[in-house]
Visitor: 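Sharing a structure below in structure tokens format, with a few things to ask.
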There are 2 protein chains.
Amino acid sequence: METKPAMDIQKSALLLKLLGDKTRLTMMKLLQSHECCVCEFTAIFEASQPAISQHLRKLKDAGLVQETRRGQWIFYSIRRDHEYAPFVEDVLNHFPDQNERLTNLEKQGLRISCE
Amino acid sequence: METKPAMDIQKSALLLKLLGDKTRLTMMKLLQSHECCVCEFTAIFEASQPAISQHLRKLKDAGLVQETRRGQWIFYSIRRDHEYAPFVEDVLNHFPDQNERLTNLEKQGLRISCE
DNA sequence: TGCGTATATAATCATATCGTTATATAATCA
DNA sequence: TGATTATATAACGATATGATTATATACGCA
């Protein structure tokens with residue numbers, strides 16, 4: 001019989017703090033269903049490139065996302081191998097998907113696609 | 001057929017930020033199963049009384065907890081009528097209960113009981 | 001009524017957070 | 001190779017956060 005190790009409330013508080021920012025929370029929700037590159041995020045959030053990079057850095061440092069370079073672009077994706085990934089996904093599952101934000105980008109021709 | 005209104009990701013981020021502090025998160029977990037008064041929290045967290053009061057104030061301002069005076073003491077309890085109470089509880093349910101902290105208090109004779 | 005206990009609040013300070021500006025690095029393309 | 005685009009990082013500043021100290025308020029009790 002399998003038992004899950006109990007979650008550490010202290011480590012979880014740090015994760016919740018990371019998710020407790022509307023930009024990062026929305027990023028994570030988007031990443032739940034799509035890989036995204038930095039320039040897409042800057043377009044979606046109408047934020048500066050360094051601001052976006054710094055949010056992504058925090059998520060990466062916490063092990064919540066990972067990057068892959070594809071040519072000129074660096075794509076971010078969610079890490080489902082994080083110790084508390086199921087917890088994070090449970091939290092994210094409460095929110096409506098934010099894919100409209102991506103389709104809006106497509107309409108503007110700003111969606112990156114380098115498959 | 002009933003439909004739940006979609007959660008607002010922006011408001012949720014504010015809640016997660018509140019929960020993203022180990023003291024407040026543990027408080028909320030304790031309050032999930034017990035009412036607690038301020039002096040119990042100060043004993044549990046070995047924190048100053050004003051520090052605890054200020055955490056409770058934030059939780060109260062957000063509508064997550066409520067207070068009831070009973071004689072000398074003011075007891076805090078979780079508000080299950082908060083718009084996003086089910087979300088908050090879902091988050092809290094991931095953590096092991098913290099009741100040991102309360103039973104430890106009892107052993108020290110510090111648990112308040114004014115029924 | 002006066003004292004002790006429980007709690008809240010205000011003022012203050014150190015640190016954290018988040019954004020901006022400036023600059024560095026890496027890849028693409030002409 | 002040089003220019004352009006995408007991204008990261010460093011330095012800095014404004015604001016937010018959380019703790020402490022000091023003080024105020026409310027209740028219970030002698």
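Order of the sequence lines sets the chain letters (A, B, ...), proteins ahead of strands, with each chain counted from 1.
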Visitor: If you check the A/H55 side chain, which of D/dA19, C/dT20, C/dC18 turns out closest?
Guide: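 My answer, after comparing the listed nucleotides, is C/dC18.
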Visitor: Would you check if the side chain of B/T42 reaches a backbone N or O of B/C39 as a donor-acceptor pair within less than 3.5 Å?
Guide: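 Present.
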Visitor: Please classify the nucleic acid contact of A/K60 as base, sugar-phosphate, or nothing, using heavy-atom distances under 4.0 Å.
Guide: nothing
Visitor: A/R24 or B/R57: which one's nearest nucleotide on DNA chain C is closer to the 5' end?
Guide: B/R57
Visitor: So which nucleotide from D/dG28, D/dA8, C/dC18 ends up closest to the side chain of B/Q72?
Guide: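 When the side chain of B/Q72 is considered, D/dG28 is the closest of D/dG28, D/dA8, C/dC18.
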Visitor: Mind checking the NZ-NE2 spacing from A/K29 to A/H34? Nearest 0.5 Å is all I need.
Guide: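 Atom-to-atom, A/K29:NZ and A/H34:NE2 are 10.5 Å apart.
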Visitor: Of the nucleotides D/dT9, C/dA11, C/dA8, which has the atom closest to the B/E67 side chain?
Guide: C/dA8
Visitor: Do any of residues 9-23 of chain A sit with a heavy atom less than 4.0 Å from DNA chain D, and if so which?
Guide: none
Visitor: From CD1 of B/I52 over to P of C/dT7, roughly how many Å is that when rounded to an integer?
Guide: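 Whole-Å distance recorded here is 11 Å.
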Visitor: Would you state whether a donor and an acceptor, one from the side chain of A/Q49 and one from the base of D/dT5, lie under 3.5 Å apart?
Guide: no
Visitor: Would the distance check show the side chain of B/R69 and the main-chain N or O of B/G71 forming a donor-acceptor pair, the cut-off being under 3.5 Å?
Guide: yes
Visitor: Could you state the atom-to-atom distance from CD of B/Q54 to P of D/dA16 in whole Å?
Guide: 16 Å
Visitor: So A/Y76, base contact, sugar-phosphate only, or nothing? Heavy-atom distance under 4.0 Å.
Guide: sugar-phosphate
Visitor: Mind checking who C/dC18 pairs with, Watson-Crick or G-U wobble, both distances under 3.5 Å?
Guide: D/dG13
Visitor: Starting from P on D/dT7, measure out to CZ on A/R69 and report it in whole angstrom.
Guide: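 My rounded result for the distance is 8 Å.
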Visitor: Rounded to whole Å, please give me the gap between CG in A/L59 and P in C/dT17.
Guide: 13 Å
Visitor: Please state whether the phosphate of C/dT20, meaning OP1 or OP2, lies under 4.0 angstrom from any side-chain nitrogen or oxygen of A/S48.
Guide: yes
Visitor: For A/E35 and A/R70, run salt bridge (Lys or Arg N to Asp or Glu O under 4.0 Å): C-alpha distance rounded to whole Å, both residues' side-chain angles, the deciding distance at 0.1 Å, then the answer.
Guide: CA-CA 12 Å; A/E35 298 197 330; A/R70 287 208 205 105; 2.4 Å; yes
Visitor: Could you tell me the separation between the CZ atom of A/F75 and the P atom of D/dA8, rounded to a whole number of Å?
Guide: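 Rounded to the whole Å, the gap is 12 Å.
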Visitor: Find the distance B/E46:CD to D/dA19:C1' and express it as a whole number of Å.
Guide: 16 Å
Visitor: Taking the minimum atom-to-atom distance to the side chain of B/P50, which one of C/dA27, D/dT7, C/dA10 wins?
Guide: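 Nearest to the side chain of B/P50 among the choices is C/dA10.
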Visitor: Using whole Å, report how far CH2 of A/W73 lies from P of C/dT28.
Guide: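 To the nearest whole Å, that distance equals 9 Å.
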Visitor: Using modelled atom types and a 3.5 Å cut-off, is there a donor and acceptor pairing between side-chain atoms of B/R24 and backbone atoms of B/L18?
Guide: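 Between the backbone of B/L18 and the side chain of B/R24 there is a qualifying donor-acceptor contact (under 3.5 Å).
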Visitor: Across all strands, who's sitting opposite C/dT28 as a Watson-Crick or G-U wobble pair, both distances under 3.5 Å?
Guide: D/dA3
Visitor: Quick one: closest heavy-atom pair of B/P86 and B/H82, and the distance?
Guide: CD-O, 4.2 Å
Visitor: Between B/N99 and B/S33, do the side chains contain a donor N or O and an acceptor N or O under 3.5 Å apart?
Guide: yes
Visitor: Can you figure out which of C/dG19, D/dT20, D/dT7 approaches the side chain of A/I74 most closely?
Guide: D/dT7
Visitor: Counting side-chain heavy atoms from CB outward, which of D/dT17, D/dT7, C/dT9 is closest to B/K58?
Guide: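 For the B/K58 side chain, the nearest candidate turns out to be D/dT17.
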Visitor: When you compare the side chains of B/D97 and B/Q32, does any donor N or O come within less than 3.5 Å of an acceptor on the partner?
Guide: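 No pair is found: no donor N or O on one side chain lies under 3.5 Å from an acceptor on the other.
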